[in-house]
Amino acid sequence: MAPERPRQKLCIFLLAALACSLRAGAAAANTSTSTLAIRLKPPSKPRHGSTRQHRPGPRGSHAGSGMASCNMFQGSWVYDDALPMYDAAGCPFVEPEFDCQKYGRPDKLYLKYRWRPASCELPRFDGRDLLSRWKGKKVLFVGDSISLNQWESLVCMLHAAAPSSRTSYSRGNPVSTVTFQDYGLSVAYYRSTYLVDIVEESIGRVLKLDSISGDAWLGTDMLVFNTWHWWTHTGKDQPWDYVQDGAQVMKDMDRLTAFSKGMSTWARWVDSNVDTSKTKVYFQGISPTHFNGAQWGESSSSCAHQTQPIAGPTYPGGPLPAQGAVRNALGGMSKPVFLLDITLLSQLRRDAHPSAYSGGHPSNDCSHWCLAGLPDTWNQILYASLLA
């Protein structure tokens, strides 16, 4: 039996080595999994006693199943050296009023911020993928100059993704269109500041809160609506003389009330006229202004000379009343509408306006947005919603 002992010792040694190897492999696997988990950034579990949880917004306020666990509109701005996604100097569709670098803006830091939701990572915008997905289709933005801002952003992003693609560009009133001819995709903008009608009558121009003539908006594959800023205009900037609510004609009325009634009319129009099995419908949400620095604790400031976003996930000035009117209108709809709830993430961007660097506009513009800039994020979220 003595000759068998070396063999037994060898077997014991090999078994021990194998066990050590398996333990080392398991440790390495655990390290790899932990690294992957950090990279994918899963939603963190609420701490004991925390009330933080995902709450669904109005109908369509989140994307479908692919993004259902992500609130894309709660988060903060982070620096990203990979931005911007395009150079406005190379985009033939940018309005002078949005081309801040061309008109002398000295800083570029505002171009370098990426929106990061608290519970997920937004997918990077892939213009070639979007061109392929929407080949042969029609996209229409309907609204005021904030819609124009987003429309120009999107066509610049697509142009930068496929610079050699043939395009045609027609600029008109009320319709402007960019067609990516190699893909058969048209992306158009229809100017309609109130969405509801303004009609010339014997007494003058009448804003009709219960009337929409929107036949020209039908027959598209995607509709992106916007309205708000013109509802607050008064005096010579107001393009109507009377406002009509049902049978009642008035010289004026509370503007938020009027806006709420107009939004309800729009919601009924979509429910009655748009086949959402063929046409995706979005509402852009309320784009904020930054004329009053007191809203973020700087009483003598406006957007002028601002170079960085407001830090953190909250805006000191709080929500805008018009947001409630939008949510109420969408909440009562029978058709699915995706709310691009851009208000908070835009409120944090006091630095992203043209201010004094707006071609042909000598006043301080704290209403529109520079391109490249913030509206690119709105379109990144729109793209993310299509991936669901």
Thinking salt bridges, do [X] and [Y] make one under a 4.0 Å N-O criterion?
| X | Y | result |
| --- | --- | --- |
| D197 | R205 | no |
| D182 | R166 | yes |
| D245 | K261 | yes |
| D107 | R105 | yes |
| D241 | K251 | no |

Classify the ring geometry of W217 against Y190: parallel below 30°, tilted from 30° to 60°, perpendicular beyond 60°.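 Correct class here is perpendicular.
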
I'd like to know if the side chain of [X] and the backbone of [Y] have a donor-acceptor N/O pair within less than 3.5 Å.
| X | Y | value |
| --- | --- | --- |
| N149 | S145 | no |
| K335 | V274 | yes |
| W266 | Y194 | no |
| H229 | S287 | yes |
| S260 | L256 | yes |
| W115 | M72 | yes |
| T227 | G143 | no |

Mind checking whether [X] and [Y] have ring centres under 6.0 Å apart?
| X | Y | result |
| --- | --- | --- |
| F125 | Y383 | yes |
| W230 | W240 | no |
| Y169 | F93 | yes |
| F259 | W231 | yes |
| Y189 | F141 | no |
| H353 | H290 | yes |

Quick one, [X] and [Y] - any side-chain contact, counting heavy atoms below 4.5 Å?
| X | Y | value |
| --- | --- | --- |
| Y183 | S165 | yes |
| W378 | S346 | yes |
| W228 | I146 | no |
| R268 | D271 | no |
| Q181 | T167 | no |

Can you list, by chain and residue number, the hydrophobic cluster partners of Y242 when the side-chain cut-off is 4.5 Å?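 ILVMFWY cluster around Y242 also holds I203, V206, V249.
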
Take Q306 and E298 through the side-chain hydrogen bond (donor to acceptor under 3.5 Å, both in side chains) test and state the conclusion after the steps. CA-CA 11 Å; Q306 299 289 342; E298 298 179 9; 3.1 Å; yes

Do R349 and W77 meet the cation-pi criteria used here (NZ or CZ under 6.0 Å from the six-membered ring centre, within 45° of the axis)?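 Verdict for W77: a cation-pi partner in R349.
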
Report the C-alpha distance between Y282 and F338 in whole Å, list the side-chain angles of each, state the deciding distance to 0.1 Å, and finish with yes or no for ring pair (Phe, Tyr, Trp, His ring centres under 6.0 Å). CA-CA 5 Å; Y282 292 77; F338 187 98; 5.2 Å; yes

Does atom CG (D215) have a neighbourhood of more than 12 heavy atoms from anything else shown, all under 6.0 Å?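 Incorrect, the count does not exceed 12.
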
K112 atom NZ: more than 12 heavy-atom contacts under 6.0 Å: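 Check passes, neighbour count above 12.
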
Worked check of side-chain contact (heavy atoms from CB on, under 4.5 Å) between S147 and V142: CA-CA 7 Å; S147 284; V142 182; over 6 Å; no

